[in-house]
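Values below: every heavy atom of this structure, side chains too, minus hydrogens, waters and symmetry copies. By convention in this document, chain letters (A, B, ...) are assigned in the order of the sequence lines, proteins followed by strands, and residues within each chain are numbered from 1.
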Amino acid sequence: MATSIHFTVNSSETKRPVFFTSPIKQIPTKRFIISCRSTKSPPESPPDLSEPNNNNKNKKNKNPSLSEQLKPLTSTTLSNPATDQPQFLSKPKSIWVNPAKPKRSVLSLQRQKRSLYSYNPQVRDLRLFAQKLNDCDSSQGAFLAALEGIPQPPTRENALLILNSLKPWQKTHMFFNWVKAQNLFPMETIFYNVTMKSMRFGRQFQLIEELAEEMISNGIELDNITYSTIITCAKRSKLFDKAVEWFERMYKTGLMPDEVTYSAILDVYAKLGKVEEVLSLYERGRASGWTPDPIAFSVLGKMFGEAGDYDGIRYVLQEMATIGVKPNLVVYNTLLEAMGKAGKPGLARSLFEEMVASGLTPNEKTLTALVKIYGKARWARDALELWERMRSSQWPMDFILYNTLLNMCADLGLEDEAKRLFEDMKQSEHCRPDSYSYTAMLNIFGSGGNADEAMQLFEEMSKLGVHLNVMGCTCLIQCLGRAKRFGDMVRVFNVAVERGVKPDDRLCGCLLSVVSLCEKTEDEDMVFLCLQQANPKLVALVKVLQDEKVGFEAIKDEFRDVIGSTAVESRRPFCNCLIDICRNKNNHERAHELLYLGTLYGLYPGLHNKTANEWCLDVRSLSIGAAHTALEEWMGTLYKIVQREEALPKLFSAQTGAGTHKFSQGLAHSFGSHVKKLAAPFRQSEEKAGCFVATREDLVSWVQSQAQSVAA
DNA sequence: GTAGGGTTAG
């Protein structure tokens, strides 16, 4: 298989956006083979697709289904790379359509024409009448009564006009049935299509399917508009098998999909995650002479984004550049989102700049995607610059964008900016803060240790009737616990439970961490009372850990029991807190046992990392007490290894991380103090914050001096 | 007013 196919995009078009002129370093081999296949005739006979207007009486039996068509295609595109390879290595640009050698089509290049409407002088009256129908009660009785008021029996055109203006779907349906019963004119395809579109708003797939069957039994033609409506309704109702089934039925009747139906079905396969099928269909369409439009590329872009497939995203950009299709705003939005999902913030940024340079104005969705990407990447400077630009350029804002900005501020610890945004929201007309905006603010105040403002927010929520969710509750409790405002904490917990918050494992982990912060027994008892309501087994475990008479095996069983029924993301926090609680009570032996159990049950993967040159202790996901315990364990182990004169690496290091939040910065500091207390040979690295280092020599001489002092 | 396809949070 080819592993390094290089080719350069034609750079003679100097106006082409920067992003497109960069050389594509490597096209994914498998995908490329699919691309290259499409110009060549497959060895098998081509799929037998009759033309839609072919008068072949047996055509129903001769039209292969989609899956039948895809089968020979995928088997030939994917299984014969050896013969294909040299051709596309030498001629990468000739892979597309060869007009001299037309292929049998899989889609019609002519989009179905819509019928033209003639001017209707009664438009105003009919609109008013339709409005009356829309305003009346939805019951059948009321609707039929309102229908009595129709000025005269409707003509075909008048009936269509009304049908087009009715909502919700129930009324469209009743009107359709009424017109049909009047028997004034034959019900043509367009009546069904308009009715189906309205049904689709109501996700009434079953009714749509019944209408389609009715058309078939009454001999009314189903056209591309009918099929695309059925397919997209199935898709939106997540009935993907139904969507595929109707697409296949269309082929079997000999009707060719046009580009609208075709991209609808591409999206169906994309939503199913069937990437190879989508690409096969795409290539077959291309080979039929189809020039995909931005909508088709948006479908491909979204699919690759969902798969986190960066090569795929590049492929979409490359295709658009090759074909000469300029991305529109939706395509840019989709690709930006996709870049985020593929973990490419830098490329998302360049793509955004390219979009703006091309003269497009970003909308709310563009900016939401970008803010999310910068927040996730912790690119505070870019995020703030973007926000400034949003304000000065007066780019559109909506409620989702505001909340995304607030979450970004929470991720980056930008308290002042969040306050400003929150005030903006309060003063806006359409973007009032909701429960999630408040949660983001509680998160920001909570992680910043700002208990007063967090409590103010809590009171404000109670006053305004904004729902407090479990995450907001967790943030508040964490914050009040750290501020040692145990009374407030208990009050918040009780109010939250009264208002329907169901404590989850994260909230329990948070309460447990508050236990570890208590100095007085009465405070501890208050917190235990809350925890008892949420997770009695956890309280029992804490009590057992404090009972010196209980042996290790019993502890192990209880621990396994509790951790086993805890959500995975909360297991390590639970263990960290339990270790902290034991250390606070000077029960170091239990702390070491717990660290051992945590390691045994896989809660601390990657705690120890060994290479030939360096051994590293990574305590970044440990609490202070757990990190101290881990350091003591490690020093004990290293001591023995040195004494036994086993092989050692040149370098030893311990990672605590520098921390981005106020409260996560304590670990490096406290770890440093503990290093000093143990007189361990580590020193803070000058190049890297949150990293402690020691050489082999440092370690050996430390062991020797320890041994001497023990001997003395 | 005008039958069909694509993009946004937790």
Side-chain angles (χ1 to χ4, degrees), chain A residues 107 111-120 122-124 126-127 130-131 157-158 160-166 172 176 188-200 208 222-233 235-236 243 257-268 270-271 292-303 305-306 316 327-338 340 362-373 375-376 396-408 410 434-440 443 469-472:
Chain A
L107 85 167
R111 188 191 287 218
Q112 184 182 322
K113 293 273 188 295
R114 296 180 185 204
S115 53
L116 289 170
Y117 282 78
S118 54
Y119 175 69
N120 188 332
Q122 293 158 293
V123 151
R124 265 183 84 98
L126 290 164
R127 286 293 294 156
Q131 195 53 51
E157 277 67 34
N158 290 356
L160 260 182
L161 205 152
I162 294 171
L163 197 61
N164 253 310
S165 333
L166 290 178
T172 319
F176 173 80
E188 301 158 32
T189 305
I190 188 168
F191 283 87
Y192 283 89
N193 289 350
V194 173
T195 307
M196 283 184 181
K197 184 189 175 185
S198 179
M199 307 271 141
R200 197 185 55 177
I208 286 187
L222 282 76
D223 61 14
N224 258 286
I225 297 176
T226 322
Y227 281 111
S228 58
T229 310
I230 298 171
I231 289 166
T232 52
C233 180
K235 183 179 72 184
R236 288 177 201 184
D258 66 7
E259 67 168 336
V260 175
T261 316
Y262 205 70
S263 53
I265 204 70
L266 280 184
D267 195 33
V268 169
K271 296 247 151 35
D293 65 0
I295 294 180
F297 286 119
S298 169
V299 167
L300 294 184
K302 169 108 186 174
M303 172 182 75
E306 291 301 320
V316 174
N328 65 11
L329 186 57
V330 176
V331 172
Y332 273 117
N333 289 353
T334 312
L335 290 175
L336 279 172
E337 178 100 347
N363 67 6
E364 297 89 337
K365 290 172 185 169
T366 323
L367 299 165
T368 300
L370 209 55
V371 167
K372 220 173 107 186
I373 290 169
K376 217 170 103 189
M397 295 281 286
D398 70 1
F399 166 69
I400 294 176
L401 178 51
Y402 266 116
N403 278 348
T404 309
L405 279 163
L406 282 180
N407 284 327
M408 184 259 316
D434 73 341
S435 158
Y436 283 93
S437 325
Y438 275 92
T439 305
N443 188 5
N469 61 26
V470 67
M471 178 177 166

Asks: What is the nucleic acid contact for A:Asn469, judged by heavy atoms within less than 4.0 Å: base, sugar-phosphate only, or nothing?
Replies: nothing
Asks: Within the 4.0 Å heavy-atom criterion, would you say A:Asp267 contacts the bases, only the backbone, or no part of the nucleic acid?
Replies: sugar-phosphate
Asks: When all nucleic acid strands are considered with a 4.0 Å heavy-atom cut-off, which category describes A:Asn328: base, sugar-phosphate, or nothing?
Replies: base
Asks: Using the test side chain to side chain contact (heavy atoms under 4.5 Å, CB included), find all partners of A:Thr226 that sit at least two apart in sequence or belong to another chain.
Replies: A:Thr189, A:Asn193, A:Met196, A:Met215, A:Leu222, A:Asp223, A:Ile230
Asks: Atom CG of A:Leu329 and atom C1' of B:dT7: how far apart are they, to the nearest Å?
Replies: 8 Å
Asks: Got a sec, which residues hit side chain to side chain contact (heavy atoms under 4.5 Å, CB included) with A:Ala440, two or more places apart in sequence or on another chain?
Replies: A:Leu406, A:Asn407
Asks: Which is true for A:Ser165 with a 4.0 Å heavy-atom rule: it touches a base, it touches only sugar-phosphate, or it touches nothing?
Replies: nothing
Asks: Reckon A:Thr195 touches a base, only the sugar-phosphate, or nothing at all at heavy-atom distances under 4.0 Å?
Replies: nothing
Asks: Determine the contact category for A:Arg236: base if any of its heavy atoms lies under 4.0 Å from a base atom, sugar-phosphate if only primed atoms, P, OP1 or OP2 are that close, otherwise nothing.
Replies: sugar-phosphate
Asks: Check every strand shown and say whether A:Phe399 touches a base, only sugar-phosphate, or nothing at a heavy-atom separation below 4.0 Å.
Replies: base
Asks: Measure the CG-CG distance between A:Leu370 and A:Leu336 for me, rounded to the nearest 0.5 Å.
Replies: 6.0 Å
Asks: Just to confirm, is there a sub-4.0 Å distance from OP1 or OP2 of B:dG6 to any side-chain nitrogen or oxygen of A:Lys235?
Replies: yes
Asks: Using a heavy-atom cut-off of under 4.0 Å over every strand shown, decide if A:Arg111 touches base, sugar-phosphate, or nothing.
Replies: base
Asks: Identify whether any heavy atom of A:Lys271 sits under 4.0 Å from a base atom; if not, whether one sits that close to sugar-phosphate; answer base, sugar-phosphate or nothing.
Replies: sugar-phosphate
Asks: Give a yes/no on whether any side-chain N or O of A:Arg114 is located under 4.0 angstrom from OP1 or OP2 of B:dG1.
Replies: no
Asks: Can you find a pair of side-chain heavy atoms, one from A:Met397 and one from A:Leu405, that are under 4.5 Å apart?
Replies: yes
